[in-house]
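When reading the values below, keep in mind they use all heavy atoms of this one structure, side chains included, and skip hydrogens, waters and symmetry mates.
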Amino acid sequence: ISTPPSLTTPSFSPASPKTNDMLVASTTTSDVDGDQISVAWTWKITRGANTCVVQTNSSPLAAAGTRTASLDLSQSYSTSSCTGPTPPASINPNKGDVVIAEATPTDAPGLSGTLKSNTVTVANTAPTVAFGSAPSSANEGETKTYTFTGSGKLTAYLPGMTPDHV
């Protein structure tokens with residue numbers, strides 16, 4: 001009699017991912033019969049009241065041990081199998097989104113073990129700014145031009161402006 005394989009609850013690296021990180025889920029598989037094991041991965045994202053599948057992948061059959069799968073949080077994903085009142089057509093993982101990794105082991109005879117899952121919340125990524133050019137000097141009363149590039153949510157205020165003007 002063959003028994004189904006098993007695996008540990010997936011863990012995440014980094015443990016507190018930010019919006020542009022590569023998120024890696026890891027699990028350790030085992031099989032009392034010594035069969036080779038593959039792991040089917042399902043990645044879901046919960047935003048508000050909606051939870052959607054954004055990626056599925058599978059590891060090849062191999063001896064028991066560690067299996068990993070990754071999700072690039074800087075990418076936008078088409079959604080499927082959504083639950084919730086207003087499911088989005090696509091999701092780019094963002095601050096506050098909950099990422100779910102589900103892992104299901106299957107052994108060489110085709111027996112599937114119990115699905116295990118874990119969640120992690122996407123943390124904020126601080127915005128960055130880099131000056132492309134700036135005048136070497138400035139005197140009082142002169143108008144100068146500065147150019148810059150940035151990523152993330154950047155907010156700049158001119159004298160007399162409030163956040164309502166941006």
Side-chain angles (χ1 to χ4, degrees), residues 1-132 148-155:
I1 295 177
S2 186
T3 57
S6 62
L7 48 69
T8 59
T9 298
S11 60
F12 294 105
S13 178
S16 183
K18 294 183 174 54
T19 54
N20 290 322
D21 286 346
M22 179 66 70
L23 181 60
V24 178
S26 178
T27 186
T28 301
T29 63
S30 60
D31 187 288
V32 296
D33 304 317
D35 297 325
Q36 291 197 327
I37 307 162
S38 68
V39 175
W41 293 92
T42 301
W43 291 91
K44 297 178 180 180
I45 295 179
T46 299
R47 177 176 291 167
N50 300 293
T51 299
C52 300
V53 173
V54 295
Q55 181 176 288
T56 59
N57 49 0
S58 184
S59 67
L61 280 170
T66 301
R67 303 289 191 281
T68 61
S70 59
L71 185 71
D72 186 347
L73 300 180
S74 71
Q75 299 299 309
S76 184
Y77 296 93
S78 296
T79 61
S80 64
S81 304
C82 294
T83 60
T86 54
S90 65
I91 291 180
N92 183 341
N94 210 340
K95 174 185 121 180
D97 288 345
V98 176
V99 179
I100 304 160
E102 297 178 344
T104 305
T106 302
D107 64 15
L111 294 174
S112 291
T114 303
L115 177 148
K116 294 204 177 169
S117 66
N118 202 357
T119 64
V120 65
T121 301
V122 179
N124 192 28
T125 298
T128 61
V129 65
F131 280 96
F148 65 92
T149 58
S151 68
K153 182 174 180 176
L154 298 173
T155 307

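Of the inter-residue distances, the one linking Leu73 atom CG with Lys95 atom NZ reads 15.0 Å to the nearest 0.5 angstrom. Atoms CD and CG, on Gln75 and Asn20 in that order, are 9.5 Å from each other to the nearest 0.5 Å. In this structure, CD on Glu102 lies 11.0 Å from CG on Asn118, to the nearest 0.5 angstrom. Taking CG of Leu23 as the reference point, atom OG of Ser74 lies at 12.0 Å (rounded to 0.5 Å). Taking CD1 of Ile45 as the reference point, atom OG of Ser90 lies at 10.5 Å (rounded to 0.5 Å). In this structure, CD1 on Ile37 lies 9.0 Å from OG on Ser59, to the nearest 0.5 angstrom.
Although no hydrogens or angles enter the test, the distance criterion places no donor-acceptor pair under 3.5 Å between the side chain of Gln55 and the main chain of Trp41. In this structure a side-chain-to-backbone donor-acceptor pair under 3.5 Å is present from Asn50 to Thr86. Remark: side-chain polar atoms of Thr79 are paired, donor with acceptor, to backbone N or O of Pro88 under 3.5 angstrom. With hydrogens and angles disregarded, no donor-acceptor distance shorter than 3.5 Å links the side chain of Arg47 to the backbone of Cys52. Formation of a donor-acceptor pair under 3.5 Å by the Ser58 side chain with backbone atoms of Val39 is found in this model.
Of all heavy-atom pairs between Asp107 and Pro4, the closest is OD2-CA, 4.3 Å. Taking both residues in full, the closest heavy atoms of Ser38 and Leu61 are given as N-CD2, 3.6 Å, listed atom of the first, atom of the second, then distance. Residues Ala63 and Thr29 come closest through the heavy atom pair O-OG1, 4.5 Å. Nearest heavy-atom pair across Phe12 and Val99 is CZ-O, 4.3 Å. Considering all non-hydrogen atoms of both residues, Leu7 and Pro105 come closest at CD2-CD, 3.4 Å. For Ser112 against Pro5, the heavy-atom pair with the smallest separation is C-CD, 4.3 Å.
Side-chain contact annotation: Asp33 with Ser2, donor-acceptor N/O pair under 3.5 Å present. Side-chain contact check for Ser30 and Ser6: at least one donor-acceptor pair (N or O, by modelled atom type) lies under 3.5 Å. In summary, the side chains of Thr56 and Thr42 do not present any donor paired with an acceptor at a separation below 3.5 Å, with no hydrogens or angles considered.
Side-chain contact check for Thr19 versus Val122: some heavy-atom pair is nearer than 4.5 Å. Side-chain atoms of Tyr77 and Val53, non-hydrogen and from C-beta on, never get closer than 4.5 Å to each other.
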For this session: May I have the step-by-step check of side chain to side chain contact (heavy atoms under 4.5 Å, CB included) for Lys116 and Thr27, ending in yes or no?
Result: CA-CA 9 Å; Lys116 294 204 177 169; Thr27 186; over 6 Å; no

